[in-house]
Structure formats: C-alpha cells, structure tokens
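Since the structure comes first, as structure tokens, the remarks are kept for the end.
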2 protein chains.
Amino acid sequence: MKKNIRILDIAQKAGVSIGTVDRVLHQRGEVSEETREKILKIISDFNYRPNILASSLASKKVITIASLTPSAPDKDSFWSKPQDGIEKAVSQLGHYGIRLQPYHFKMENTATFTQEANKILESVPDGVLLAPWAKREALKFTRELDQRGIPYVFIDSTLKESNPISFIVQDSVQSGYLAAKLIDYGITQKSNIVIVHVTKDLQNANHLLLREKGFLDYLETVTGKMHRIIKIPSNEKEIADKLLGCLAEVKSIDAVFVTNSKVHLVAGFFDQFDHRPNIIGYDLISKNIDLLESGKIDFLLNQKPESQGFVATHLLFDHIVRKEKVKSANYTSIDIITRENIEYYSSI
Amino acid sequence: MKKNIRILDIAQKAGVSIGTVDRVLHQRGEVSEETREKILKIISDFNYRPNILASSLASKKVITIASLTPSAPDKDSFWSKPQDGIEKAVSQLGHYGIRLQPYHFKMENTATFTQEANKILESVPDGVLLAPWAKREALKFTRELDQRGIPYVFIDSTLKESNPISFIVQDSVQSGYLAAKLIDYGITQKSNIVIVHVTKDLQNANHLLLREKGFLDYLETVTGKMHRIIKIPSNEKEIADKLLGCLAEVKSIDAVFVTNSKVHLVAGFFDQFDHRPNIIGYDLISKNIDLLESGKIDFLLNQKPESQGFVATHLLFDHIVRKEKVKSANYTSIDIITRENIEYYSSI
DNA sequence: ACAAGTTCCGTGTTCGTTCACGAAGATAGA
DNA sequence: TCTATCTTCGTGAACGAACACGGAACTTGT
C-alpha cells in the first residue's frame, strides 16, 4: 500500500523546508522563481494531492456560503426543497469549516431580490448559491459577484450572460418530451390532449414554455397518431372554468399535461367525474403526492430540487475548498414517479 | 457561530485530562466508574460529535474492507456495476484510511464462493461487503463473520438467518408491481401479456419469482381488464423457439415483461416483425441501453447496482469509522428508464 | 513497614497542513 | 563600510484526536 506523498516529502526532494513548499502551493509569493519551478515540477511529477483532512483541520478559516432562493411559505412548498438539500450538504461538510447564510426573496417582488443580493454583497461571502429568478436583477447581481471574484453556482435555471462556476438544472425541453412519451404511450388512438399552464404570467415563465415545446416536439415528430392538442393558459382561480369550457367544446379529454406543480388543481377538478383523463405533472409536493397515491394522477416528473441544492453546494465546496475544476453544466435526471414506486423514492 | 465542542472542552468541564476522556470514548477501561459517568453525561449533554477529520488524521490504522461479489466477465456485465460503486466510494473515502480488497467467485461454481470466503477470513478484514448469492455457503460464511465480530453488509439480496449490520436491496415484488402498471397503462383493452424468465434454474432465482408475483398481483387486484397471461420460462438458447411457439398459439402478443436483464434477447427476437409488443425489462447493461435508445424496448427498470455498492460501502464506513448505528434495511429506488430520460440518468 | 502489584489518570508525541514570525543573505543608499 | 530594506526561506506552534508511556495513589502480602 503505497503511502501518499506529503508536503514534507516534496520539501525534502527539493531540498527546502515545508514552509517554502506551502508558499508555492498557496501561491503567496516570496519564493525565487528557480525553487518555485523545481517544487512545481516535483508536485506534478509525483502527482501530489493535498490531504484535505489535515488541510481543513489546520485552516481555521471559516468558509461562508450565502444562498439566495425564493422564500418558501411553508415546509412543503417547492422552494423549501433546494434549501433542504443545501442544508444537508452543509451539515455533512460542517467539519470542513463551511457555514451557511441563507437569504430569501419574494418571488412576487423583484425588488426584494436586489435588496437581499445587496445584503449578500455586504457580507462578503466566499461563495454564493442562487436561483436566478428575476433575470434582470440576477444579472446585475452576478456582474457584481464577477467583479469581486466571488464564485457562484446557479440552481434551477441559468443565465447565459453570466459566468457561474457551474449550474445545476433540469432540461425542461427533454422533460416535456418525456411527458409526451408517457402520455402517448398510454393512449392508443387519436385523442384529445390538453396542455395546462397554471401561472400568472406565462410569457415570463420560460421553463414552462420549454416543457411545452418538448411536449409538442414529441407529438409532432415521433407519434403518428395525429392527436388534437388544446392549450389552456390560466391562473389558479380560473382553471376550473377553463377546463369546463374546454370539456364543453371537445366532449372528451383523454390526457392532460400540466407543466408545473399545480397539477393537483387539475387532478382535483377531474375528481368530480366518473372517468378521468390520464394526468401527468411535475414535482413531489405533498398535494401532488396525495393525489398520486390515491390514483388520481398517473405520473409526476421530479425536478429533484433537493438534489439540486445538494449538488450545487458540493460543487461550490469542491471549487472553494478542494480548488478543483468542477463540471460547469450539470443536469439532474428526469425521474418518473408513479403510485407504484414513490414508496422507495429518495429525491436526494 | 458556535464552535464544536472538543475533547479538551469535555475534559475541562469534568476536571480531568483529555487522556481520560479519550479512554471513556474508546471504552478501553482504566477509568473509575464515577468519572466515567460524569464524562458520559457531559458528552451526551453537549452532544459531542468527534471531529472525524482529526480522528482519521491521527489514527494511523488502515481499515481494510473486503468485497465478495460474482466475477464479472466484462466491464459491461451486471456484476461489474456494484464493484464500480464500491470503488467510487472507497476512492472518495481514501483519505480516511480505507482500503479495499476485492474478491470474486464464479456464479456457476459455489465452491469458489467458499474458497474466496476463506481467503477473506484469513485476511481478517475490518468489514465485508458481500452479495449472498450461494445461500447455503453464504450462511456459513456470515456465521463465521458473526463469531469473529466482523461487520458485514449485504448487496443485492439478503439472508434472513444472518445478522448483517445492514443490507441494500430492491423490493422485487414492488418492481414487478410497477412493471405491471406500466404494461397495463400502455394497453387499453384485454390483451395477451407474456412473462418471460430467462434463466437456467428458475426455482433458484427467487427474485425473478418475486418480480412475477408483484406483476401478477397488480394485474389481479388493480386492473379490471382481464388480460390473458402466459408465462415462458426458458434458457437463453430456446427463447426464440418458445416465443415462436407462443405466437403460434395466441396469434398476437401485446406486451412482454422480462424479469431480468435478458430483455435484449426478447427485444431482438421481435425486431424481425413489423409490429412489436410493448416490452419492459430490467437493468442498464449496454445491450439493453442500445435497444432502448433505438426504440425497441419501452422501459427498463433499474436496480441501481452501482448505487447499491456505493451505499453499502458508506454504510460500512459509518459503522466502522464513525461508529454510528446505521439503518439496517435499505431499499433502492425503482427507477423507470425510457429512451427519453436515459440521457440524463445517473445511476449512482 | 516495605516491596510489588493495581487502579486510575496525565503528558507528550504524532498525523499533514496552515500560517505567523523571524532570520539569514542579498542589494542598495549614504 | 555600515546601516537599511527586500527577498527568500526556515521554524515552531496550532488544529482535534489517537495512543503509548509512565507516574501517583492505593491495595495487598509478608
């Protein structure tokens, strides 16, 4: 069992002290170019990897990570889940001197985003996790972070114009594509398929449109069944009325694709009838889980929000503490959850 | 930011030295009952958690873990996957002084199991990971381990009569149940459904029977479609003939459930016809993946063998190094893989 | 009362790093 | 040539825990 090479070994090979090696490792100068190169060569020759245990033991510095996510009204709501994943990772990494400082903004008030972002900038964290919900404000924030050299990782979505060390998202188009496959697989002939968007402002909910795009792509290119497709954009209040209107027009609805976690509203609506369409939606919030388990929703696609928070935290950790280059693009799996496999499902 | 409590803090509170605290922590005696209890109380009062970094830094002992799994003919075969998961975990945990000693036995020769098991016993490892494939031999082995106080964790299946600190498996019945749901969801009327077992010795492949059981359970209790169900047990060579025979009898086969990874044989068979039944099977081996991606298999259920190896290793680590009580029963999720989500799927 | 053994406990070194401190040697200014 | 400053490097004390070693106090036998 060959032992790992240590700083002391490098020092001896180079004929210097560990202090000198340490200085080149941390590139804090005060070393002649000549010995620097000699040491650097030995380091790469012997493939030196610092012992992270000893490293974080000796380093008394605490690394503070700030997270900026939408505030979650309650424990079950969607945005509490990334938070859970972040907290789990941080508590696992606690011994490495990681501390978390969570900040929350109100989704309906973008000014609060800027407000909290400024608080973060004031606190000068070592890294930031954020959900770039308010695009314009997020971009301003990341520019500040870029300028100050503070690394950040995106959760849930990403911004093309910024420079995160990494982002972790789900491929929305592909998830819509998958949804269409599951819908189409469950119906054998030409059918009436409804796409429901439950949101106040569809044009600003880009990922919902991407899911729709994937969904339509599949139906147009793969299946040969020539389904009739009806789109229903609606806010929460009018959804029942709109569905009733749709039913009046097409007589029967065979399948419904709800592009976000509001699928419980749709499943609840169809509960009043004898026969319900196949229903597929997103996210394992408890209202959806209940309906899935009672057989009123067929499939839920999971975005793995806990996992996103967890992975994002580890990415930031690897970058800051281990100083490794991390994969910049990370995609979560698109998990299919049914009544039959939810019992064993673990979303992290 | 409250600092973690250290051994020194405990010692000071108890008015003793760190040596004494250390002795009670490692229960190696030489401490009076009185001070022992005082220290124990402080430890639990302040919820002391040893700093695992410092701990494994100071402890120069290497922990060797032996793994005993069926030998894998090639990189792609099923049994190389748990091995991958184990190795990944061990390499992550390398700094903690974990070393792995892998052993392999031949599935078709149970004597090799005993042979390798004896080698393991001779090497006196600190922990063992094993797939208890040969029941009788495995039982004998675990009894020896019990006697010597060597902890072990089961992968893939478990033995009721033994005392592992933990096992990690998939619920076979439930996976069959899920398969039936996916089959039934995809066909709208009374259909001909075939269950195919590809194995030399069905009676000794208990999990295949359990998968069948779950499958039948679902069809009997949940659906009302009164399908006709045909069971085909076969070895690899005769499978085409048997399917041909079946086709001759029932005219059309609407769906096929293959109870293990040999689903590629069945999908390959149906490739010669214009129309194929819905096909579902198990495991992400490359032959299956190819057929899934080319649209000749509808669903693959994944046992997550890499994850099983990974989790099992961590369980053993937590038990040996962190001395934590670990959950004894662990079930992997039953993941549904399709052509549309396999791209982003990560099995660990 | 004294040597020998027990019981109970403290001290000091080590693990691989980090980092503050300070000491040489080189260079420059006077 | 003598101080002053800079560059380059070594030393030693942490970090929190493990563990070997040895020392004091107490018991026992004679």
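In what follows, chains carry the letters A, B, and so on, assigned in the order in which the sequence lines appear, proteins first and then strands, with residues in each chain numbered from 1. Computed from a prediction, not measured in an experiment: that's the story for all the values here.
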For this session: Measure the distance from CZ on R322(B) to C1' on dA17(D) and round it to the nearest whole Å.
Result: 15 Å
Problem set entry | Protein-nucleotide distance (H95(B), atom NE2; dT17(C), atom P), rounded to Å | 8 Å
For this session: With K119(A) as the cation and Y103(A) as the aromatic partner, state whether NZ or CZ is under 6.0 Å from the six-membered ring centre and within 45° of the axis.
Result: no
Exercise. Would you say the side-chain atoms of Y152(A) pair up with the backbone N or O of N163(A), donor to acceptor, closer than 3.5 Å?
Worked result: yes
List every contact pair, protein side and nucleotides 6-12 of chain C side both N or O, where the distance is under 3.5 Å.
residue: dC9(C); atom: OP2; partner: S32(B); partner atom: N; Å: 2.8
residue: dC9(C); atom: OP2; partner: T35(B); partner atom: OG1; Å: 3.1
residue: dC9(C); atom: N4; partner: E30(B); partner atom: OE1; Å: 2.9
residue: dG10(C); atom: OP1; partner: S17(B); partner atom: N; Å: 3.4
residue: dG10(C); atom: OP2; partner: S17(B); partner atom: N; Å: 2.6
residue: dG10(C); atom: OP2; partner: S17(B); partner atom: OG; Å: 2.8
residue: dG10(C); atom: OP2; partner: T20(B); partner atom: OG1; Å: 2.6
residue: dG10(C); atom: O5'; partner: S17(B); partner atom: OG; Å: 3.4
residue: dG10(C); atom: N7; partner: R23(B); partner atom: NH2; Å: 2.9
residue: dG10(C); atom: O6; partner: R23(B); partner atom: NH1; Å: 2.8

Exercise. How many Å lie between CD1 on I7(A) and C1' on dC15(C), as a whole number?
Worked result: 13 Å
Exercise. To the nearest angstrom, how far is L53(A) atom CG from dC15(C) atom P?
Worked result: 15 Å
Exercise. Can you tell me how far C1' of dA26(C) sits from CD of E34(A), to the nearest Å?
Worked result: 15 Å
For this session: Taking the side chain as every heavy atom from C-beta outward, state whether Q101(B) and S123(B) have any atom pair closer than 4.5 Å.
Result: no
Exercise. Within the structure, does a side-chain N or O atom of S59(A) lie under 4.0 Å from either OP1 or OP2 of dT17(C)?
Worked result: no
Seminar exercise, completed: Per the under-4.0 Å heavy-atom filter, residues of residues 42-52 of chain A near DNA chain D come out as none
Exercise. What residues, two or more places apart in sequence or in another chain, satisfy salt bridge (charged side-chain N to carboxylate O under 4.0 Å, His left out) together with D9(B)?
Worked result: R6(B)
For this session: Look at the side chain of S59(A) and the backbone N and O of S56(A), then say whether any donor-acceptor pair between them is shorter than 3.5 Å.
Result: no
Problem set entry | Whether S17(A) side chain and G19(A) backbone form a donor-acceptor pair below 3.5 Å | yes
Seminar exercise, completed: Between K327(B) and N330(B) the two heavy atoms that sit nearest each other are O-ND2, 3.0 Å
Exercise. CG of L8(A) versus C1' of dT11(D): gap in Å, rounded?
Worked result: 13 Å
